[in-house]
Novice: 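Structure below; questions to follow.
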Amino acid sequence: MSRYFDLPALKKLFQGKLLLLDRAQENDDKKFVAIKNISVNEPFFAGHFPEHPIMPGVLQLEAMKQLAELACRETLDPENKQDVYLKCATRVKFRRPVVPGDRIKIEAENLSLDEGKAEFKTRLFTASGLASEAQLLLEVRSREFIRELPDFPNENDLSGQTGLDINAIRKVLPHRYPFLLIDYVQEWTDENIRVVKNLTLDEPFFTDADPAYPVLQESILCEIAAQAGCVSVLSRPENAGKIAVFMAIEKAESFFPVGAGDQLLVRSTLPPAKTKFGRGTGEILCDGKLAFQIQMMFAVVDA
């Protein structure tokens, strides 16, 4: 018999997270399906992008992750006391844009479930067809987020030697509040860039966060790394006035949680491409330790 999850049930399950499912259902074949309506009033459309509103690919990834979490939480975390997080995402492809007025259908098929790990094949559709897909590995970790007072100042703090401040970044990136996710550029060359992001509890993606566990979703870390790379790519003279869009994530992996109060150093490498398509890598460090890494593919297109 199918099980239905209404909005109150979903809100209770996903406390402290940006909920990207309106209704969900477990079918008799153990596959999970969810629906979300996409409205022009979604807050993220104000910043992605003001003149060409598109649902960020990473939020499509987050919606797929949430449905996968719904499908495995009873097994991985039956008491709902731990954090079921996205350990690794592979074969992520963004095939068509999701725009205001769309409805999206998300599907999650469990491939394996064993020893605190669950692997899923997920897909996201609009009425026009497949919009995105991903293979996801979910794991469980303790809901602990304890940090000591960091050194101040440090080599990553804003100084007169900063490569680009936020005003210069706004001239290059089309992103705006609440989806501009980098604070300043330390330095960059033709291929490499170092960017800093200061996380604070006042930011919109922490609005519903548990103050005892204000951890950032791994999908948003994908976007932070991508925006760092975008600054590098869109600063090239041949790309002036264009935008860079996510095409695929070959692999993204999380090593430990980061959250409010952390300072992130983002290092991205995106070699110049001969076509509008390019590949790059990104690393996110916190307190000098590797917290997250990503291999991504993008396209540079006219705005």
Side-chain angles (χ1 to χ4, degrees), residues 18-25 31-68 86 89-109 111 120-136 173-176 178-179 181 217-227 229-230 233-234 239 241-252 270 273 275-280 282 294-303:
L18 171 66
L19 182 60
L20 291 168
L21 311 174
D22 286 337
R23 298 171 186 172
Q25 180 173 298
K31 292 183 180 179
F32 280 68
V33 179
I35 293 290
K36 174 167 172 55
N37 293 340
I38 306 300
S39 166
V40 70
N41 289 321
E42 306 273 5
F44 53 77
F45 281 134
H48 194 273
F49 301 104
E51 301 300 325
H52 305 278
I54 301 173
M55 183 180 186
V58 298
L59 294 188
Q60 297 175 45
L61 176 63
E62 179 65 20
M64 291 187 280
K65 182 267 179 181
Q66 288 182 8
L67 184 61
L86 180 58
T90 57
R91 304 177 189 173
V92 184
K93 297 180 180 179
F94 304 110
R95 298 188 177 276
R96 67 178 74 238
V98 177
V99 298
D102 275 333
R103 288 197 304 160
I104 57 175
K105 176 185 178 183
I106 309 110
E107 298 178 348
E109 177 183 358
L111 301 178
F120 287 87
K121 178 181 179 180
T122 60
R123 298 188 296 175
L124 185 150
F125 300 85
T126 68
S128 299
L130 181 64
S132 55
E133 58 187 322
Q135 192 155 319
L136 308 178
L173 287 186
H175 304 72
R176 293 295 182 267
F179 222 72
L181 302 179
Q217 297 100 320
E218 289 74 28
S219 57
I220 302 298
L221 292 175
C222 292
E223 181 69 16
I224 291 173
Q227 288 189 19
C230 282
V233 170
L234 298 179
N239 295 329
K242 297 183 178 181
I243 61 174
V245 295
F246 247 142
M247 296 298 294
I249 297 173
E250 296 171 357
K251 184 176 182 180
L270 290 95
T275 69
K276 69 176 183 179
F277 300 103
R279 280 185 166 84
I294 185 172
Q295 300 168 18
M296 51 195 165
M297 181 177 177
F298 60 93
V300 178
V301 299
D302 293 331

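Numbers here are sequence positions counted from 1.
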Novice: What are the two closest heavy atoms between F298 and M247, and how far apart are they?
Specialist: C-CG, 3.7 Å

Novice: Looking at H175 and G47, would you say the former's side chain and the latter's main chain have a donor-acceptor pair under 3.5 Å?
Specialist: no

Novice: Looking at every non-hydrogen atom in both residues, tell me the closest pair between K65 and L86 and how far apart they are.
Specialist: CE-N, 3.9 Å

Novice: Has the side chain of N239 got a donor or acceptor atom that lies under 3.5 Å from a matching backbone atom of V233?
Specialist: yes

Novice: Could you tell me which non-hydrogen atom of A34 sits nearest to which non-hydrogen atom of L21, and how far apart they are?
Specialist: CB-CD2, 3.8 Å

Novice: Side chains of M64 and F120, heavy atoms from C-beta outward: is any pair under 4.5 Å?
Specialist: no

Novice: Less than 4.5 Å apart, any side-chain heavy atom of V99 and any of I38?
Specialist: no

Novice: Can you tell me how far the CD1 atom of I35 sits from the NZ atom of K105, to the nearest 0.5 Å?
Specialist: 6.5 Å

Novice: For G229 versus L270, what's the shortest heavy-atom pair and its separation?
Specialist: CA-CD1, 3.3 Å

Novice: What are the two closest heavy atoms between A252 and C222, and how far apart are they?
Specialist: CB-SG, 4.0 Å

Novice: Rounded to the nearest 0.5 Å, what's the gap from OG on S132 to CD1 on I104? Could you check?
Specialist: 7.5 Å

Novice: Could you give the distance from NE2 (H48) to CD (E42), rounded to the nearest 0.5 Å?
Specialist: 13.5 Å

Novice: So, the side chain of E223 versus the backbone of V58: is there a donor-acceptor pair under 3.5 Å, distance only?
Specialist: no

Novice: Where is the tightest heavy-atom contact between Q217 and L18, given as atom of each residue plus distance?
Specialist: NE2-N, 3.6 Å

Novice: Indicate yes or no: at least one non-hydrogen side-chain atom of I220 is less than 4.5 angstrom from one of L59.
Specialist: yes

Novice: For E133, which of K93, R123, R95, R96 qualifies under salt bridge (charged side-chain N to carboxylate O under 4.0 Å, His left out)?
Specialist: R95

Novice: Do R103 and N37 come within less than 4.5 Å of each other through their side chains, counting heavy atoms only?
Specialist: yes

Novice: Between R279 and E250, does any side-chain N to carboxylate O distance fall below 4.0 Å?
Specialist: yes

Novice: In this structure, are over 12 heavy atoms from other groups packed under 6.0 Å from K121 atom NZ?
Specialist: no

Novice: Please enumerate all residues that pass ring-ring contact (aromatic ring centres under 6.0 Å, His included) together with F94, with sequence neighbours excluded.
Specialist: F246

Novice: Do other residues, nucleotides or ligands put more than 12 heavy atoms under 6.0 Å from R91 CZ?
Specialist: no

Novice: Report the distance from atom CG of D102 to atom OG of S39, rounding to the nearest 0.5 Å.
Specialist: 11.5 Å

Novice: Taking side chain as C-beta onward, heavy atoms only, is T122 less than 4.5 Å from L67?
Specialist: no

Novice: Show, in sequence, the C-alpha distance, side-chain angles and deciding distance for Q60 and M55, and conclude whether the side-chain contact (heavy atoms from CB on, under 4.5 Å) test is met.
Specialist: CA-CA 7 Å; Q60 297 175 45; M55 183 180 186; 3.9 Å; yes

